[in-house]
Amino acid sequence: MSDATDPWLIVGLGNPGPEYAANRHNVGFMVADLLATRIGGKFKRAQKAQAQVVEGRIGPPGPGSRRVVLAKPMSYMNLSGGPVTALRDFYKVPTDHVVAVHDELDVDYGSLRLKLGGGDNGHNGLKSMTKSMGPEYHRVRFGIGRPPGRMQVADFVLKDFGSVERKELEFLVDRAADSVECLLAEGLERAQSAYNS
């Protein structure tokens, strides 16, 4: 069982490369980038995994501060499990201290849902992570809503956010980053009551 001194691994899920950067599927990368900025770090290539990482601390100085590794797998979404498991093992992070930040079709745009464990809901990044290390990790589910009309899910998630969505996106990414900090500092129940919508 994990304790307060164990590090946390915060994984933003997405696809590498500039052509994917603004896609709905890459909102996990966006949140990870903001968290890296907040702790004053820059992503660099991990030595032990196909990922970019930043190490630092989240929270107020002193006993409330949490040691974190922020990660962006560079393997493409559907192969995220390998790099995440390699980082978990290298940094000796308990599985319940792994947090996946990802897009979620079954949550309305702009809403967040935090939870521990559960199914993958058809999300290929989660599917790969669960296959590699089991389901008992935290999820910060960033709602993107369902595709309009007859648009295929794969096309929808690999498109950039629409112009109306982009007006709120910065605020929503900021709120998702806040929810990760709250989860680490105050625990899942407190973060759920503050941020689940």
Side-chain angles (χ1 to χ4, degrees), residues 2 5-59 61 65-104 114 120 123-142 144 154 157-161 169-170 172-174 176-181 183-185:
S2 55
T5 61
D6 286 321
W8 287 79
L9 175 60
I10 314 299
V11 182
L13 292 180
N15 288 308
E19 68 272 33
Y20 298 107
N23 288 179
R24 292 181 178 92
H25 223 17
N26 270 43
V27 75
F29 275 18
M30 297 173 197
V31 175
D33 286 337
L34 178 58
L35 286 166
T37 302
R38 288 184 181 185
I39 66 174
K42 283 202 180 336
F43 278 99
K44 58 183 192 293
R45 226 181 88 227
Q47 295 187 319
K48 302 291 178 186
Q50 193 181 357
Q52 291 183 352
V53 294
V54 176
E55 295 177 58
R57 298 191 86 82
I58 283 180
S65 170
R66 301 282 181 260
R67 192 156 66 91
V68 296
V69 179
L70 302 173
K72 297 192 295 186
M74 293 286 119
S75 57
Y76 291 98
M77 181 69 86
N78 58 354
L79 299 172
S80 300
V84 175
T85 304
L87 291 170
R88 180 200 65 173
D89 295 347
F90 177 72
Y91 288 103
K92 299 180 171 53
V93 177
T95 301
D96 67 351
H97 273 209
V98 176
V99 182
V101 184
H102 63 92
D103 59 304
E104 178 60 66
L114 284 77
D120 58 55
H123 192 288
N124 288 332
L126 298 183
K127 201 175 286 184
S128 178
M129 283 179 62
T130 298
K131 188 176 174 191
S132 285
M133 61 185 192
E136 289 306 305
Y137 54 91
H138 286 87
R139 298 102 192 272
V140 174
R141 303 159 70 204
F142 186 110
I144 62 168
V157 299
L158 294 175
K159 278 204 176 347
D160 291 359
F161 285 99
L169 185 60
E170 192 177 330
L172 297 170
V173 167
D174 197 62
D178 290 347
S179 79
V180 172
E181 293 184 351
L183 170 64
L184 270 56

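Throughout, numbering of the chain's residues begins at 1 and tracks the sequence.
The shortest side-chain heavy-atom distance between Tyr91 and Val53 falls under the 4.5 Å cut-off. Using a 4.5 Å heavy-atom threshold, the side chains of Val140 and Val31 count as separate. The closest side-chain heavy-atom distance from Asp96 to Glu136 is not below 4.5 Å. Annotation: side chain of Leu9 is not in contact with side chain of Tyr137 (no heavy-atom distance under 4.5 Å). Contact check for Asn23 versus Val157: no side-chain heavy atoms found under the 4.5 Å cut-off. A heavy-atom distance below 4.5 Å is not found between the side chains of Ser80 and Val11. For the pair Trp8/Val93, no side-chain contact is recorded, criterion being any heavy-atom separation below 4.5 Å from C-beta on.
The CD atom of Gln52 sits 12.0 Å away from atom CG of Leu70, with the distance rounded to the nearest 0.5 Å. With rounding to the nearest 0.5 Å, the separation of CG in Leu184 from CD1 in Ile58 is 5.5 Å. In this structure, CG in Leu183 is found 9.0 Å from NE2 in His97, a value given to the nearest 0.5 Å.
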What pairs of donor and acceptor atoms, side-chain ones from residues 35-49 against any protein atom, are under 3.5 angstrom apart with sequence neighbours left out?
from	atom 1	to	atom 2	distance (Å)
Thr37	OG1	Asp33	O	3.1
Arg38	NH1	Asp178	OD1	2.8
Arg38	NH1	Glu181	OE1	3.4
Arg38	NH1	Glu181	OE2	3.3
Arg38	NH2	Asp174	O	3.2
Arg38	NH2	Asp174	OD1	2.8
Arg38	NH2	Asp178	OD1	2.9

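Taking all atoms of both residues into account, the shortest heavy-atom contact from Met30 to Ala21 is CE-O, 3.5 Å. Across all non-hydrogen atoms, the minimal contact from Thr130 to Arg139 is OG1-NH2, 3.9 Å.
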Audit row: Val98, Leu87, side chain to side chain contact (heavy atoms under 4.5 Å, CB included) steps and yes/no: CA-CA 10 Å; Val98 176; Leu87 291 170; over 6 Å; no

Full working for side chain to side chain contact (heavy atoms under 4.5 Å, CB included) between Val27 and Leu172: CA-CA 10 Å; Val27 75; Leu172 297 170; over 6 Å; no

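In this structure, the side chain of Ser132 does not engage the main chain of Met129 through any donor-acceptor pair within 3.5 Å. In terms of modelled atom types and a separation under 3.5 Å, the side chain of Arg141 and the main chain of Glu104 share no donor-acceptor contact. Judged purely by atom type and a 3.5 angstrom limit, Glu55 has no side-chain atom pairing as donor or acceptor with the backbone of Val69. Put simply, the side chain of His138 never gets that close to the backbone of Ala100: no donor and acceptor are under 3.5 Å apart. Asp120 contributes no side-chain N or O that, together with a main-chain N or O of Leu126, makes up a donor-acceptor pair within less than 3.5 Å.
Remark: Asn78 engages Tyr76, Asn124 in a side-chain contact (heavy atoms from CB on, under 4.5 Å) (not counting sequence neighbours).
For residues 22-41, the pairs satisfying ring-ring contact (aromatic ring centres under 6.0 Å, His included) are His25-His123, with sequence neighbours left out.
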